[in-house]
Amino acid sequence: MQPDLLSALDAFATDQGDPQPSRPEAVRRALADHLRAKGYLPASADAADHIDGTG
């Protein structure tokens with residue numbers, strides 16, 4: 001990943017609160033947020049569980 005994307009990802013992770021997610025988890029969250037915003041992923045809690053591997 002390019003340095004500017006890593007910096008943006010690290011800033012996103014920092015904004016997620018404590019405990020701060022790892023980079024891979026931050027990528028999953030950012031991708032899920034983007035896909036929800038674009039309508040490709042439902043906004044339900046079940047969808048979030050599926051993305052983070054708990055469902």
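In this text, all values refer to a predicted model and were calculated from it rather than measured experimentally.
We find the CG-OG1 distance between L9 and T14 to be 9.5 Å, quoted to the nearest 0.5 Å. Annotation: the span from D33 atom CG to K38 atom NZ amounts to 13.0 Å, rounded to 0.5 Å.
With a 4.5 Å cut-off between side-chain heavy atoms of Ile, Leu, Val, Met, Phe, Trp and Tyr, the cluster of F12 takes in none.
P19 pairs by the side-chain contact (heavy atoms from CB on, under 4.5 Å) definition with nothing, not counting sequence neighbours.
Sorted by first and then second residue, the salt bridge (Lys or Arg N to Asp or Glu O under 4.0 Å) pairs involving residues 5-22 (not counting sequence neighbours) are D10-R23.
Between P21 and R29, the shortest heavy-atom contact is CG-NH1, 3.7 Å.
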